[in-house]
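Below: the structure, in C-alpha cells.
Nothing fancy with the numbering, it's 1 onward along the sequence.
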Amino acid sequence: MNSTIVLFIVLPVAGIVLGWTIRWLYARFQLSASEQKAERVKQDAIKEAEAQKKEILLEAKDELIRERNQQERENRDRRIEVQRYESRVTKKEELLDKKAEEIEKQEKSFAERVTAMEKREQMMTTQEEMYRQELERISGLTAQEAKDLIIKNLENDAKHDAQVLLNKVEQEAQLTAEKKARDILVTTIQRIATETTSDITVTTVSLPSDEMKGRIIGREGRNIRTLETLTGVDIIIDDTPEAVVISCFDPVRKEIAKISLERLISDGRIHPARIEEIVQKVTREIEQKIYEEGEKAIFDLGIHDMSTDGVRALGRLYFRTSYGQNVLTHSREVALIAGMLAAEIGADRELAKRAALLHDIGKGAENDSDQNHAEVGSEMARKMGEDPHVINAIAAHHNDVEPTSIEAVIVQIADAISAARPGARRETVDNYVKRLKNLETIAENFNGVDKAYAIQAGRELRILVNNEKIPDQDVKELARGIAKQIETDLRYPGRIKLTMIRETRIIEYAR
C-alpha cells in the first residue's frame with residue numbers, strides 16, 4: 001500500500017523531471033542550430049560586403065580614370081585656346097605697334113606742315129599789310145571805310161535780289177493759287193451731274209371723260225368744295241378736254257390733292273365722306289413718303305447716325321422749292337459738291353457733306369418762326385444733337401454769323417455753285433411763294449383761325465374759322481381785320497379775295 005502511494009508520487013515527479021530534461025535538450029539543440037545559421041549568414045554577409053567593396057572600388061577607379069581623362073582633355077583644349085588667344089594678342093600688339101609708328105610719322109608730318117603754314121601765314125600777313133597800305137594810298141580810303149563801302153554795296157544788292165525773288169514768288173503763288181482754285185472748282189463742277197427739277201405751281205389730272213367733271217363738282221358743288229377745303233388747293237375745271245387743273249403754291253398740299261383726286265376718279269365713288277377718307281389716307285402716305293425721301297437722301301450720300309427728326313426734316317424738303325429749285329435736290333447737290341471740295345483740299349469730307357445736306361433744313365420747318373431759314377435750321381440741328389461745326393456751317397451759309405471752320409466755308413462755296421448753275425433757280429418763283437406764305441401767316445396769326453390757304457396764285461385766301469371760338473356774327477369783323485392787316489403788311493398787284501369758311505359738323509350713329 002505504501003509502495004503504491006510512493007509509486008504514484010514518484011512517477012509524476014519523474015515524468016516532470018524527464019519532460020523538463022527533454023525540453024532543455026531540445027532548446028539547446030535549437031540554440032546550436034540558430035547559432036550555426038547565424039554564423040553562416042554572417043559569413044555570407046561578410047563575403048557579400050567584401051564583393052560589393054571590391055565592386056565599388058573598381059567603379060571608383062573607373063570613374064577616377066574617366067574624370068582624369070576628361071580633365072586632361074579639358075586642359076588640352078584650354079591650352080589650345082590660350083595659345084590661340086596669345087597668338088591673336090601678339091598679332092594685335094604688332095598691329096598697334098605699326099599704327100603707333102604711322103601715327104608718329106603723321107604727327108611729325110603734321111607738325112612740319114603747321115610750321116610751314118605759320119611761315120606762309122606770316123608772309124601773307126606781311127604782303128596783305130603791304131597791299132592794304134598801297135590800296136589806301138591809291139584809293140584815298142582807310143581799310144574800315146573801304147569795308148563799310150563794300151558791306152553797303154553788298155547789302156543793297158542783297159535787298160534788291162531779295163525783293164525781286166519775293167515779287168516772283170508772290171506772283172507765282174498767286175498764279176498757282178488761282179489755277180489750283182479753278183482746277184478744283186472745274187473738276188468738282190464737271191464731276192457733278194445731278195438732275196434739277198423746276199417745280200411749278202399747277203398740275204394737271206387726266207380724266208377718262210368729260211362726264212367725270214360733273215361728278216367731281218357734285219351736287220351744288222359740294223364735292224369740289226369739300227376737296228378744296230380739306231386739301232387747301234384750288235381745283236380749276238374749265239373747257240380743257242378731259243383734264244382738271246390743281247393750283248396751289250404748297251407742293252405738299254398739291255400732291256395730296258392730285259393723288260386723292262386720281263384715286264377718287266379710279267374708284268368712281270365721289271362724295272364728301274369718301275373724299276375725306278381718301279384725303280386722310282393720302283396724307284398719311286405722303287408723311288410716310290417724306291420720311292422715305294429723307295432716308296433715301298442720307299443713304300445715297302453715305303451719311304449715318306441721323307436722328308428721326310432730321311430725316312423727316314430732310315424729307316419735307318422734297319416738297320419744297322427755292323427760286324424754283326427743289327430744295328432736297330439742291331441740298332443733295334450741295335452735299336456732293338462740298339464732299340468733293342473737301343476731298344480736294346484735305347478738309348473733313350464727312351463733316352462737310354453732313355453740314356451741306358442740312359444747310360437748308362430750316363426751309364422745311366413746320367413752325368412759323370420770324371427767324372430766317374439759316375437761324376431756324378441751326379436751331380433744329382442743335383436740338384437734333386448735331387456737331388457744333390455742323391450747326392455753325394448751317395447758320396453761316398448766308399454769312400449771318402461768322403464761319404468757324406473750313407468746312408463752313410466749303411458749304412458756302414458749294415451752295416453758291418449749286419445755285420449759280422444756269423437754269424437752277426428762278427427768283428420770281430421764290431418771291432411768289434414767299435408772298436403766298438406771308439398771306440397765310442397773317443391770317444393764321446388771328447385768334448380763331450384754324451388754317452389759311454392761299455389759292456388762285458395768291459388772288460384768293462381761304463380761311464377756316466374755328467366755330468367754337470368765333471360765332472357767325474363775328475366772322476365778318478374777323479375778315480375785315482385780316483384784310484386790313486394784309487393791306488398794311490404786304491405789297492401785291494390787284495386785289496385779294498378773302499373767303500371765310502365756318503361750319504358745324506355733327507356726327508351721330510343710329511344703332
Just so I know, are the side chains of [X] and [Y] near enough to count as touching, which here means a heavy-atom distance under 4.5 Å?
X    : Y    : answer
L207 : I265 : yes
I417 : E333 : no
R225 : I501 : no
F299 : K296 : no
I455 : L436 : no
I237 : I217 : yes
V311 : Y291 : yes
F446 : V449 : yes

Measure the [atom1]-[atom2] distance between [X] and [Y] for me, rounded to the nearest 0.5 Å.
X    : Y    : atom1 : atom2 : result
I345 : I406 : CD1   : CD1   : 4.5 Å
E276 : K281 : CD    : NZ    : 15.0 Å
T283 : Q288 : OG1   : CD    : 13.5 Å
E285 : Q280 : CD    : CD    : 12.5 Å
E228 : I224 : CD    : CD1   : 4.5 Å
I463 : L478 : CD1   : CG    : 6.5 Å

If you count every heavy atom of other residues, nucleotides or ligands that lies below 6.0 Å from [X] atom [atom1], does the total exceed 12?
X    : atom1 : answer
E468 : CD    : no
E74  : CD    : yes
E121 : CD    : no
E220 : CD    : no

For the backbone of [Y] and the side chain of [X], can you confirm whether one donor and one acceptor N or O come within less than 3.5 Å of each other?
X    : Y    : value
K353 : L301 : yes
Q412 : A396 : yes
R354 : H304 : yes
N392 : T404 : yes
D415 : V411 : no
R502 : N467 : yes
H359 : A356 : yes
N223 : R215 : yes

Shortest non-hydrogen contact from [X] to [Y]?
X    : Y    : answer
L357 : A335 : N-CB, 3.9 Å
I256 : S260 : O-OG, 2.7 Å
A338 : A414 : N-CB, 3.7 Å
L464 : Y453 : CD1-CE1, 3.9 Å
S378 : E375 : OG-O, 2.8 Å
V390 : A355 : CG1-CA, 3.9 Å

Is [Y] paired with [X] through a side-chain N to carboxylate O contact shorter than 4.0 Å?
X    : Y    : result
R316 : E293 : no
E277 : R269 : no
R274 : D267 : yes
R78  : E81  : no
K289 : E292 : no
E460 : R462 : yes
E287 : R284 : no
R382 : E379 : yes
R73  : D77  : no

Could you walk me through whether T231 and L261 pass side-chain contact (heavy atoms from CB on, under 4.5 Å), step by step?
CA-CA 11 Å; T231 58; L261 187 55; over 6 Å; no
Using the rule given for side-chain contact (heavy atoms from CB on, under 4.5 Å), can you reason through L264 versus I216, listing the C-alpha separation, both sets of side-chain angles and the distance that settles it, and then say yes or no?
CA-CA 9 Å; L264 288 168; I216 293 173; over 6 Å; no
Are D300 and R332 close enough, and set up right, to give a salt bridge (Lys or Arg N to Asp or Glu O under 4.0 Å), and what steps lead you there?
CA-CA 9 Å; D300 291 343; R332 292 174 61 180; 2.9 Å; yes
Pair D360, S331 - check side chain to side chain donor-acceptor pair (under 3.5 Å), show working.
CA-CA 7 Å; D360 271 345; S331 298; 4.8 Å; no
side-chain contact (heavy atoms from CB on, under 4.5 Å) assessment of L439 paired with L490:
CA-CA 8 Å; L439 274 175; L490 298 182; 3.7 Å; yes
Before giving the answer on side-chain contact (heavy atoms from CB on, under 4.5 Å), spell out for V244 and I235 the whole-Å C-alpha distance, their side-chain angles and the decisive distance to 0.1 Å.
CA-CA 7 Å; V244 172; I235 300 177; 3.4 Å; yes
